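Read through the structure below, which is laid out as structure tokens, and then see the notes.
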2 protein chains.
Amino acid sequence: MAETETFPERRRGSGVKLVYDLLRDEILDLVLPPGSPIDEVQLAERFGMSRTPIREALVRLAGEGLVETLPNRSTMVANIDFLNMHTFFDALTLMYRVTTRLAASYHQPADLEIIREHQARFTAAVEAQDALAMIASNRDLHAAIAEAGRNPYYISLFLRLLDEGRRLLRLYYQSFNDRLPREYVDEHEAMIAAIEARDVELCDRLAKAHADQIVRQIQQFLARDQRQSLPL
Amino acid sequence: MAETETFPERRRGSGVKLVYDLLRDEILDLVLPPGSPIDEVQLAERFGMSRTPIREALVRLAGEGLVETLPNRSTMVANIDFLNMHTFFDALTLMYRVTTRLAASYHQPADLEIIREHQARFTAAVEAQDALAMIASNRDLHAAIAEAGRNPYYISLFLRLLDEGRRLLRLYYQSFNDRLPREYVDEHEAMIAAIEARDVELCDRLAKAHADQIVRQIQQFLARDQRQSLPL
DNA sequence: TGCATTTTATTTGTCGACAAAGAATCGACG
DNA sequence: CGTCGATTCTTTGTCGACAAATAAAATGCA
């Protein structure tokens, strides 16, 4: 249980980022399940540093809503709010649409290259049936599209939503079959082509369809999960 | 210059919030102009506390983009990015529309009361020609509308945008006439009525018109300002 | 035994101090 | 007189320690 990780000579100032990135990944990959408490001292020992940088990393995570902190009492991994899931779906769909539209308008050649790289990775993940790689590359792909749209406000909200979605999908692929429909690959291709053609309206329609597809799939899972957890 | 503020016995844990709130206000009201450096030690002395809580407040402000921090070097008040102002306008307009639409759908009676209170304050500010009160109450009014829409993702993005707008407007009303068109009062009234009538489409149109109006006014100011700062 | 109250224990919030990383200053050399 | 390099100085990043706040355990009492 107590694996001795060793973090050798670090550069001054790199500590927070190290802790932040790792904690973030562990939260989004559900290694740290929602609601689990986070002990500062324990983390300090684990990373071989003082509590100060740990604390700063936690404050940043709290700012992004990945961690909830009760005053004078332990901070814990943020819960997933299943009750208000529809607000998440609503915002996610809107951001899919808006970022894809903007990408159609403002993308530059270099953006398309990056987007295509991510799409290639996503395709490879689908063919390898590697669910985690699918989740990651799907996220990266849409993040790249958002970047091509060049609106920092949308980008930051979208990233937050995609991360939250990463947690949800992770939940999904832990419990069920590890296959993501090949459809997604084609939908992505269509979106990329529409972006390249700078066809804003087509982008909007494709993005909405794509988002609806994903939302439907997650909702299906949620419903199924809810049925399973019903008392008999 | 060195006014001796006294912050007497504080409760444990209240320090960060105190510093955060005050710094935030000073940044948004341009008491701390964009680009001005922030010295931790100086703040620590001013508030009569150690650097630790100051630091945490700064980390949180950085998370909201109100403050930029260079590694190993001083953190400073975030600059206003005049070059990419259109991304701000675009996001602001969209959030005006979305939050008003959602308010039409999801508001409850208590929400309308709160909204009307803010509108009353806004009206009073307009009649008193108190620009700062207008800015504040206008912000609060739209924040209340967003709250009535009950989507935390939109709410947080919108609040961020409204704050950024508060800085812009502050810039505006420092330099020019302190009058906001009476039109805004009527536009607000129309929006509130549409929300109450749960007319989503009308809300959308009114919100868009209102946003366009505000954007146009700010752009007008920016253009005028740019002309003035041209070398002769 | 069951409940209220005191005591202990754990964990956070804050502090003062020190060392590293730049920036500014000074000085040597051309 | 200007440029480069060493030195000082300022400001941040990190540390270990202590005290407040709360939870958990222990104690007293009916």
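By convention in this document, chain letters (A, B, ...) are assigned in the order of the sequence lines, proteins followed by strands, and residues within each chain are numbered from 1. Any value given below was found using the heavy atoms of this structure, including those in side chains, with hydrogens, waters and symmetry copies removed. On a predicted model such as this, the values are computed, not experimentally measured, just so you know.
Using a 4.5 Å cut-off on side-chain heavy atoms (C-beta onward), B:Phe122 and B:His118 make no contact. A:Phe221 has its side chain within reach of A:Leu171: a pair of non-hydrogen atoms, C-beta onward, lies under 4.5 Å apart.
Partners of A:Arg167 by salt bridge (charged side-chain N to carboxylate O under 4.0 Å, His left out), not counting sequence neighbours, listed by chain and number: A:Glu164. Listed by chain and residue number, A:Tyr96 satisfy the ring pair (Phe, Tyr, Trp, His ring centres under 6.0 Å) test with A:Phe158 (two or more places apart in sequence, or in another chain). Evaluation of the side-chain hydrogen bond (donor to acceptor under 3.5 Å, both in side chains) rule for A:Asp81 yields A:Asn84 as partners, not counting sequence neighbours.
Residue order along DNA chain C, read from the 5' end via each residue's closest nucleotide, puts B:Gly13 first among B:Gly13 and A:Arg12. Map A:Pro53 and B:Ile38 each onto its nearest nucleotide of DNA chain D; the residue landing nearer the 5' end is B:Ile38.
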Inset, instruction - List the steps, then state whether salt bridge (Lys or Arg N to Asp or Glu O under 4.0 Å) holds for A:Arg116 with A:Asp111. - result: CA-CA 9 Å; A:Arg116 286 229 169 77; A:Asp111 298 322; over 6 Å; no

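Rounded to an integer number of Å, the gap from CD of A:Glu56 to P of D:dC15 is 12 Å. Residue B:Leu58 contributes atom CG, which lies 13 Å from atom C1' of D:dT11 at whole-angstrom precision. When rounded to the nearest whole Å, the span between CZ of A:Phe47 and C1' of D:dC15 equals 17 Å. Rounded to an integer number of Å, the gap from CG of A:Leu43 to P of C:dT11 is 12 Å. Atom CE in A:Met76 sits roughly 16 Å away from atom C1' in C:dT11 (whole-Å rounding).
Contact check of residues 60-74 of chain A against DNA chain C (heavy atom, cut-off under 4.0 Å) returns A:Asn72, A:Arg73, A:Ser74.
In summary, the side chains of A:Tyr154 and B:Asp90 do present a donor paired with an acceptor at a separation below 3.5 Å, with no hydrogens or angles considered. For the residue pair A:His188 and A:His142, a side-chain donor N or O sits within less than 3.5 Å of a side-chain acceptor on the partner.
Within 4.0 Å (heavy atoms only), A:Ile54 reaches no atom of the nucleic acid at all. Residue contacts shown for B:Glu40 are limited to sugar-phosphate atoms, with no base heavy atom under 4.0 Å away.
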Hey, what are the protein-to-nucleotides 6-9 of chain C N/O distances that come in under 3.5 Å?
none

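Picking from C:dT14, D:dA21, C:dA21 the nucleotide with the shortest atom distance to the side chain of A:Arg51 gives C:dT14.
For residues 63-72 of chain B, the set of pairs meeting the side chain to side chain donor-acceptor pair (under 3.5 Å) definition, not counting sequence neighbours, comprises A:Arg12-B:Asn72, B:Tyr20-B:Glu64, B:Arg24-B:Glu64.
Distances shown here put every side-chain N or O of A:Ser50 at or beyond 4.0 Å from the OP1 or OP2 atom of D:dT14.
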